[in-house]
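Shown next, in structure tokens, is the structure this report addresses.
Computed from a prediction, not measured in an experiment: that's the story for all the values here. Protein chains get the first letters and strands the later ones, always in sequence-line order, with residue 1 at the start of each.
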Amino acid sequence: MPEASDRGRGSAETLVLALLRERPMYGYEIIRELAARSEGYFTMEEGHLYPILHRLERQGLASTEWRHVDGRRRRYYALTRDGLRALNAAASDWETFVRWFSQMLAPEGEKHAEA
Amino acid sequence: MPKPEGSPSAIFLNQVRQQLNSLEPAEQREILAELATHLHDAVERNEAASNASLAAEAAAVQAMGNPVAVGRRLRDEHLNVRLSLPAALLGALPLGAIALLFARTDLYFMMRNFGSSNSGFPFSFLLALTPVLALSLVLLTRSRQSWPATLLGGAGLLFLLGLAHGIRGAQYAPLAFIGLGILLLATISLTLGVALRWGCRRATLALLGSVGAYGCYAWLHDAGPIATLALGLAPALGAIALGLIPRRYQTSATWAIFALNWALIILYSHHVGGELPVPGPSLGIFDFISAAFLVASAALLLAVQGVSYLQANGRLALPERLIR
């Protein structure tokens with residue numbers, strides 16, 4: 001079972017990959033979307049997003065492209081095929097984790113009922 | 001518009017920059033440009049939410065987190081060097097043997113007597129092993145390069161097995177030709193990959209492949225001691241260069257490889273012109289086709305790397321997608 005710190009680190013990457021699945025985004029846009037869609041639940045120190053994005057690029061899970069938009073040069077990140085595979089694998093892992101975690105937290109009677 | 005020097009944004013970026021000193025200048029510029037754009041967007045958003053300009057900027061910088069921590073994490077992501085010690089030792093062993101033999105000035109005679117001399121065989125075997133071990137270094141340090149490196153390493157292994165069956169004079173083990181064929185195929189496909197914009201890293205591997213192909217071919221024809229020694233070193237140098245320098249900007253080390261390749265081309269030209277002894281059989285027109293191919297691939301890779309180098313140092317401003 002992954003350590004809690006590993007799962008925390010991996011969840012940030014998974015969330016970023018999930019956003020990139022929709023469309024290519026730049027860093028500030030990712031931060032805004034993350035907060036907006038989770039109604040403020042998922043937040044992070046914004047500067048720490050960039051090591052995550054650069055790691056995803058290095059691992060081949062995201063590709064990047066500089067674009068000139070509204071007179072400003074921004075670096076857009078897009079999901080690669082490897083990134084999509086990694087996202088699907090992470091999503092499956094999380095589902096399993098949530099299922100069993102919920103099972104463990106459920107009161108004894110409910111557990112037996114489910115079984 | 002750049003922020004004044006004492007502004008919160010400028011201070012933040014300066015503190016990040018101090019953590020990035022070990023990266024290439026072009027890499028540092030890109031990282032800081034990205035962070036500066038982020039800060040600019042954040043400040044604009046804060047100002048739109050009715051914050052005063054200075055408060056908006058302070059809030060944007062505050063939200064970024066500790067600049068030293070951010071800078072260190074970014075540096076660690078870009079300094080992606082994980083050189084395996086066993087691989088480094090394996091790569092260094094044949095290089096040490098070559099250096100020792102060269103110092104003893106009897107390397108040429110050992111290579112001429114390859115397979116026929118009990119004392120020469122182990123050292124020649126080590127020399128043949130150099131490309132394979134060097135390519136193992138690539139495999140262990142950069143997993144994303146695995147398929148070209150695997151192809152080249154596998155071809156090198158085939159060539160090695162062919163040599164182990166005893167290449168003497170005009171007798172060539174078929175396996176050596178198979179290895180040569182695969183190496184040339186790898187070179188052609190990787191050079192085409194450059195044309196399809198697979199990126200400078202793979203283009204450098206194409207150069208490595210062309211040098212490896214030339215190495216096999218020259219070995220079969222005994223192109224001479226200097227060429228043989230250089231061919232033994234070239235894949236090792238290329239592998240070390242690929243493994244140790246930042247992934248997007250391969251500059252001084254790859255320039256060294258290019259220089260080596262050009263030196264080999266010049267030596268090969270002398271060989272074709274008959275100025276070096278060629279005891280082995282000639283492959284006819286293949287001599288000239290391969291030379292032309294090597295010159296063309298080297299020229300193409302020289303152009304690609306030159307553009308990458310100039311772009312990386314800010315002397316060119318080509319769209320990023322052309323550089324990939």
Please check if atom CZ in A:Arg81 has more than 12 non-hydrogen atoms from other residues, nucleotides or ligands closer than 6.0 Å.
-> no
If you look at every heavy atom in A:His48 and B:Ala69, which pair is closest and at what distance?
-> CE1-CB, 3.9 Å
Verdict with supporting geometry, B:Glu27 and A:His54, side chain to side chain donor-acceptor pair (under 3.5 Å) | CA-CA 12 Å; B:Glu27 236 175 345; A:His54 293 190; over 6 Å; no
B:Gln62 CD: over 12 foreign heavy atoms closer than 6.0 Å = no
How far apart are the closest heavy atoms of B:Val70 and A:Pro51, and which atoms are they?
-> O-CG, 4.3 Å
Between OH of A:Tyr50 and CD1 of B:Ile31, what distance do you get to the nearest 0.5 Å?
-> 12.0 Å
Going from CE on B:Met64 to CE on A:Met44, what distance comes out if it is rounded to the nearest 0.5 angstrom?
-> 12.0 Å
Is it the side chain or the backbone of B:Ala36 that comes within 4.5 Å of chain A heavy atoms, both, or neither?
-> neither
Distance, nearest 0.5 Å, that separates CD of B:Glu30 from CH2 of A:Trp66 = 5.5 Å
Highest number of heavy-atom pairs under 4.5 Å with chain B among A:Glu45, A:Arg72, A:Arg74 belongs to A:Arg72
Test B:Asp41 against A:Arg32 for salt bridge (charged side-chain N to carboxylate O under 4.0 Å, His left out), laying out the working first.
-> CA-CA 11 Å; B:Asp41 289 337; A:Arg32 274 204 345 257; over 6 Å; no
A:Ile31 versus chain B, the contacting section by heavy-atom distance below 4.5 Å | side chain
Would you say the side chain of B:Arg73 lies within less than 4.5 Å of the side chain of A:Ile52, judging by non-hydrogen atoms?
-> yes
